[in-house]
Every structure is written in C-alpha cells, then in structure tokens.
Amino acid sequence: MAFEYAPAPESRAVVDIAPSYGLFIDGEFTEAADGKVFKTVSPSTEEVLSEVARAGEADVDRAVSAARKAFGKWSALPGSERAKYLFRIARIIQERSRELAVLETLDNGKPIKETRDADLPLVAAHFFYYAGWADKLGHAGFGSDPRPLGVAGQVIPWNFPLLMLAWKIAPALATGNTVVLKPAETTPLSALFFADVCRQAGLPKGVVNILPGYGDAGAALVAHPDVNKVAFTGSTAVGKEIARTVAGTRKKLTLELGGKGANIVFDDAPVDQAVEGIVTGIFFNQGQVCCAGSRLLVQESIQDELLESLKRRLSTLRLGDPLDKNTDIGAINSAEQLARITALAEQGEAEGAERWSPACELPSSGYWFAPTLFTNVTQAHTIARDEIFGPVLSVLTFRTPEEAVAKANNTQYGLSAGIWTEKGSRILAVANKLRAGVVWSNTFNKFDPTSPFGGYKESGFGREGGRHGLEAYLDV
C-alpha cells in the first residue's frame, strides 16, 4: 500500500530577503543609473520576493571599467594568493549552503532536495576545484606561463542560477581574470547573495561585479569593446545572436546552448535502474535542463515492460511546494516558460503522438506542469526535434544499435546522451559513435567539477569544468 506523506517543509526563516537590491559594482551595491527596477517572484506562489535594480548600458559601462581597474592588481597576484580567496568563497558557500538552498528554491521553483543535495554541494566543489588550479596553471598543458585574458563578460540562465555562476566565475578568477556577470531576470537573488559572499571573503573591489537585468543588459555586456572574453549559457537563438556580435572582434567566446539528449535503453539493461535514470534524466529540475534526456530510445523488445514500469514510477512522483523535502517536482520557472511547454505539448498531441500523465493535482497558484510522457513519437514530430525545456518525455523505439545511434544523432543538438546496457563493450562502441559532449553510462545527470562539459553542433562550443575549462580564460 502507498503511504501518505506528511508535509516536511524547510523553514524560510533561514534566509533573510531584503525588500530591494541594487547592482553590485566595484564592491558596492548601487542603484541603476536610470533608476529602473524590476520585481522577482516566486514561481510556486507568484508572490513578489524583492525589487531589484535593472542594469542598463551605463551600468554595464561602470561595471566593465571597475573590472578593468581591478584586473591589474588581481592578475598580478601569485596564484597561491588568488587560491586563498577562492578557498574562502568555497568555505563560506558551504557554511551558508542551507540559506542559499532555500533562497534558490524560492526564486527558481525547484525542489529544496535538489538545491540542497545537488546544486549547493556542486557550487562549493567548483570553487574548491579551481582554487586548486590557481597556482598550477603552468602545469595545465597550456604553456609554461599562460596569461589571463582580462575582463570576462558572463551571461547565465535561470535553471541553475548559482551553479552556472560557479561554473563561470570560479575558473575566471582562478586564472586571474575579473568578471562582470549578468544573472537571468527571473532568478537574480542568489547571484546578489553571492556578491555578499565575495565581500565576506574580502575579495578585492571590482574583481566580481553582478548586474541583474534583462536581455538588453546582456547584449550591452557582450558588445562592450573592453570585454575580452564572453561566456554564455542559454538558448541557441540567443547564442547565435552573440556569435554574430562577437564575430570580427578579438573576444574569446564559449557558448553552452540547448540540447535534445537521447537516453538509449538496450534490451539487456537493468530495467528498474534504467527507469530511475530516465526519471532523473527528464524530471530533475522539472526538465529545465539543457542536457536533459528528453528523448527516450527504447529497444523494441522491452518497450512494453519498460513503459509499464516507468508509468508506475511516475505515479509515485510528488508535485507541489518546492520547500517541502518530499517534493520531487517543483514549479516551472516563469509564466512564459510554462506557456512554451504547454504549446509544444499541445503540438505533440495535434501531430498524433499519444500523451499520458499520472493523476496529479496542480496547485492553484504558481506555474505548474504535470510530468508528461509521449508515445507513438516519430523523428518527424516537433516534440522529438525541438527543445521543450520542461517535464516532457518523448519515447521512440529502435531495433539495432546502429538504428539507435542514427536516431540519437538525428538532431541539430549534441550536448548529452545516456546508454543503458549490461555490456561494457557496447557502452564504449555506442558512446564512440554518439555526437554528444557528455555520454553517461548506466546513469544520467551526474556532474563533477573535474569533468569537462559542453556540446557539439547547435549545442555550442567550448568546455566548462575540468582542466579543459581553464583554456577559455587563458591566452594560449
């Protein structure tokens, strides 16, 4: 029998959200030059959390010149001295991890067990990892004395606000660059709290600058003539726009864009383990993950057994208050994102795919979408081609490993893939043929700061994480 779960809410009292926040420029919080502000809301309740200063072109200019001014001294520090600041930041993040996890859940809508057990430990781990590299850059394989580039302009998305900040800022600081970072407009709070962490760690003024704002601020940052390096994580459409802006300049660019990852399950796979991996692959963070396993490729002979087991598992997922420690599926990040997911799911039905969701009561306020499964999907369906960025799984079948590889690679993206089989030789043979930056075997969505992450084709170029992640911030 199924047990009823009593609510287990995490206390909001651990985090103190101010009614308003400024931009963080040159070590100080300051108003936007034109006085503009915007509100950030909690996706699960639609309550306004805070009012935030909205950066414009003049603010980008101020932040870039603060970063440029700080660059001389920061880049001249010995690596071992820079490492001390990064270690300090990592430790403060660990000390404040509960506060930051609750904040991230409130502002983003993802379940507390994800921010607490996945996001925050990884954020701290990235700073620890790159702190370790700061005094060893001459041994990283990029020449005996690789130099920093200068000012890095970084634009991050809303799906992993603090983790994407760590992916960008940790290697930039370790290599001696200074940073101007623009968080997404729907999730500015954890980046502003990170500004406070920088002050707590005694980081010199101007080394990190945080500019909450909309796309116009991001565009101004990317186009700024005194920015030497641009790092962007987000949609493919915006990534193409950035590539056009940067073309012909001497700026170094890395892009981590969309994905349509294939999760391939062979007939000898351990079904229960595969089902858990499929659920993690597409329902982690409500499917708002660029490397989500949003296309399930199942060997035909086990399709019925696997789908039955998967539907049974989906019926046990708990959707609701993201601050409840029992919650598996939280809120969609914004009304705009919810509308996109809804439209694509309706298109899937209109094109003839069969839609299924478990019985699932959606809360009356906030932005919610039930976990959804589509069968009878062909490669011609929009839901098999376009990135939905939501809790929607498209199921396709295959008969031979060759067909699995052909279908997996039949996409404009190339960010991630998963392979489920008992045979090590098959894992290696198939992985070698997949055009994906990350291939997981008998697991999915496992991250590690020592491992590089990035894509092929329209999923972008460049790598973040690992030794490879240093190269983007060095003049090599």
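Owing to the predicted nature of the structure, the values given are computational and were not obtained by experimental measurement. Note that the numbering runs from 1 along the sequence shown for the chain.
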### Query
N333 and side chain to side chain donor-acceptor pair (under 3.5 Å): which partner among T186, N285, T187?
T186
### Task
Could you please spell out the steps behind the salt bridge (Lys or Arg N to Asp or Glu O under 4.0 Å) verdict for R312 and D272?
CA-CA 11 Å; R312 199 166 52 239; D272 290 347; 5.4 Å; no
#### Entry: Neighbour count above 12 (heavy atom, 6.0 Å) for R244 CZ
yes
### Query
Without hydrogens or angle criteria, can the side chains of E351 and T382 be said to hold a donor-acceptor pair below 3.5 Å?
yes
### Task
Answer yes or no: are there more than 12 heavy-atom neighbours, outside R426 itself, under 6.0 Å from its atom CZ?
yes
### Query
Taking the side chain as C-beta and beyond, is there a heavy-atom pair between L319 and P371 under 4.5 Å?
yes
### Task
Please report the C-alpha distance between V246 and V222 in whole Å, then the side-chain angles of each, then the deciding distance to 0.1 Å, and finally whether the side-chain contact (heavy atoms from CB on, under 4.5 Å) criterion is met.
CA-CA 7 Å; V246 171; V222 167; 3.9 Å; yes
### Query
F127 and F194: aromatic ring centres closer than 6.0 Å?
yes
#### Entry: Side-chain donor or acceptor of T443 paired with backbone N/O of W440 under 3.5 Å
no
### Message
Could you go through D324 and I112, starting from their C-alpha distance and side-chain angles, then the distance that decides it, and tell me whether this counts as side-chain contact (heavy atoms from CB on, under 4.5 Å)?
### Response
CA-CA 7 Å; D324 189 323; I112 185 70; over 6 Å; no
### G414 backbone acceptor or donor facing S459 side chain under 3.5 Å
yes
### Task
On the 0 to 90° scale, with breaks at 30° and 60°, tag the W167-H126 ring pair as parallel, tilted or perpendicular.
tilted
### Query
What's the shortest heavy-atom distance between L255 and A243, and which atoms?
CD1-CB, 4.3 Å
### Message
A side-chain contact here means heavy atoms from C-beta on lying under 4.5 Å apart; do F374 and H381 qualify?
### Response
no
### Query
If you round to the nearest 0.5 Å, how far is CG of L162 from CG of D119?
7.5 Å
### Task
For I383 and A353, work out which heavy atoms get closest and say how close.
CD1-CB, 4.0 Å
### Query
Are side-chain heavy atoms of L296 and L306 found at a separation under 4.5 Å?
yes
### Summary
A431 and I419 have their tightest heavy-atom pair at N-CD1, 3.6 Å
### Side chain R355, main chain L373, donor-acceptor under 3.5 Å
no
#### Entry: Student check: side-chain heavy atoms of V238 and F232 closer than 4.5 Å
yes
### Summary
d(R295 CZ, I264 CD1) to nearest 0.5 Å is 8.5 Å
### Query
Below 4.5 Å, heavy atoms only, C-beta onward: do K168 and E464 meet side chain to side chain?
yes
### Side-chain donor/acceptor of N228 to backbone N/O of V151, under 3.5 Å
yes
### Message
Would R463 pass as a cation-pi partner of Y456, given that its NZ or CZ must be under 6.0 Å from the six-membered ring centre and within 45 degrees of the axis?
### Response
yes
### Task
For Q303 and Q299, test the side chains for any donor-to-acceptor distance below 3.5 angstrom and give the result as yes or no.
no
### Message
Would you say E104 and S190 are linked by a side-chain donor-acceptor pair, where the criterion is simply a distance under 3.5 Å?
### Response
yes
### Exam field: side chain E403 to backbone R399, donor-acceptor pair closer than 3.5 Å
yes
### Task
Enter the distance from C290:SG to M164:CE here, rounded to the nearest 0.5 Å.
6.5 Å
### Query
Out of curiosity, E114 CD to N108 CG, how far, rounded to the nearest 0.5 Å?
9.0 Å
#### Entry: Sidechain-backbone polar pair: N445 side chain, T280 backbone, donor-acceptor under 3.5 Å
yes
### Query
Tell me, do T40 and V48 make a side-chain contact under 4.5 Å, heavy atoms counted?
no
### Query
Between K229 and T254, is any side-chain donor less than 3.5 angstrom from a side-chain acceptor?
yes
### Query
For the ring pair F266 and F398, is the centre-to-centre distance below 6.0 Å?
yes
### Summary
When every non-hydrogen atom of D267 is compared with those of S301, the smallest separation belongs to CB-OG, 3.5 Å
### Query
Once you round to the nearest 0.5 Å, how far does CD of E422 lie from OG of S425?
11.5 Å
### Task
Decide yes or no for Q286 and F389: does some side-chain heavy atom of the first lie under 4.5 Å from some side-chain heavy atom of the second?
no
### Query
Under 3.5 Å, is there a donor-acceptor pair between the side chain of T327 and the main chain of L323?
no
### Task
For residues F444 and W420, establish whether the separation of their ring centroids is below 6.0 Å.
no
### Query
Quick one: do E402 and K433 make a salt bridge, cutoff under 4.0 Å?
no
### Query
Within a radius of less than 6.0 Å around NZ of K446, do more than 12 heavy atoms belonging to other residues, nucleotides or ligands occur?
no
### Query
Under 3.5 Å, side chain of Q154 to main-chain N/O of K182, donor-acceptor pair present?
no
### Task
Give, for atom CG of N410 and atom CZ of R385, the distance between the pair rounded to the nearest 0.5 Å.
9.5 Å
### Summary
Closest heavy-atom pair, L470 versus F142, reported as atoms and distance to 0.1 Å, is CB-CE1, 3.9 Å
### Task
Scan side-chain atoms only and decide if T45 and S365 contain a donor-acceptor pair under the 3.5 Å cut-off.
no
### Task
Please name the pair of heavy atoms, one in C291 and one in S416, separated by the smallest distance, quoted to 0.1 Å.
O-OG, 2.8 Å
#### Entry: Lys/Arg-Asp/Glu bridge criterion (N-O < 4.0 Å) met for D328, K113
yes
### Task
Report the C-alpha separation of E276 and R313 in whole Å, then their side-chain angles, then the decisive distance to 0.1 Å, and conclude whether the salt bridge (Lys or Arg N to Asp or Glu O under 4.0 Å) test is met.
CA-CA 8 Å; E276 288 307 309; R313 179 69 180 93; 2.6 Å; yes
### Message
With a sphere of 6.0 Å drawn around NZ of K136, does it hold more than 12 non-hydrogen atoms of other residues, nucleotides or ligands?
### Response
yes
### Query
Any donor-acceptor pair under 3.5 Å linking the side chain of T372 with the backbone of S357?
no
### Query
Side-chain contact, heavy-atom cut-off 4.5 Å: V279 with L310?
yes
### Task
For the pair L415 and F453, evaluate side-chain contact (heavy atoms from CB on, under 4.5 Å) and give the outcome as yes or no after the intermediate values.
CA-CA 8 Å; L415 197 54; F453 182 89; 4.1 Å; yes
### Query
Which is it for E256 and F461 under the side-chain contact (heavy atoms from CB on, under 4.5 Å) test, yes or no, and what are the steps along the way?
CA-CA 7 Å; E256 198 261 282; F461 51 81; over 6 Å; no
### Message
Between T236 and E458 (side chain of the first, backbone of the second, donor and acceptor by atom type, cut-off under 3.5 Å), is there such a pair?
### Response
yes
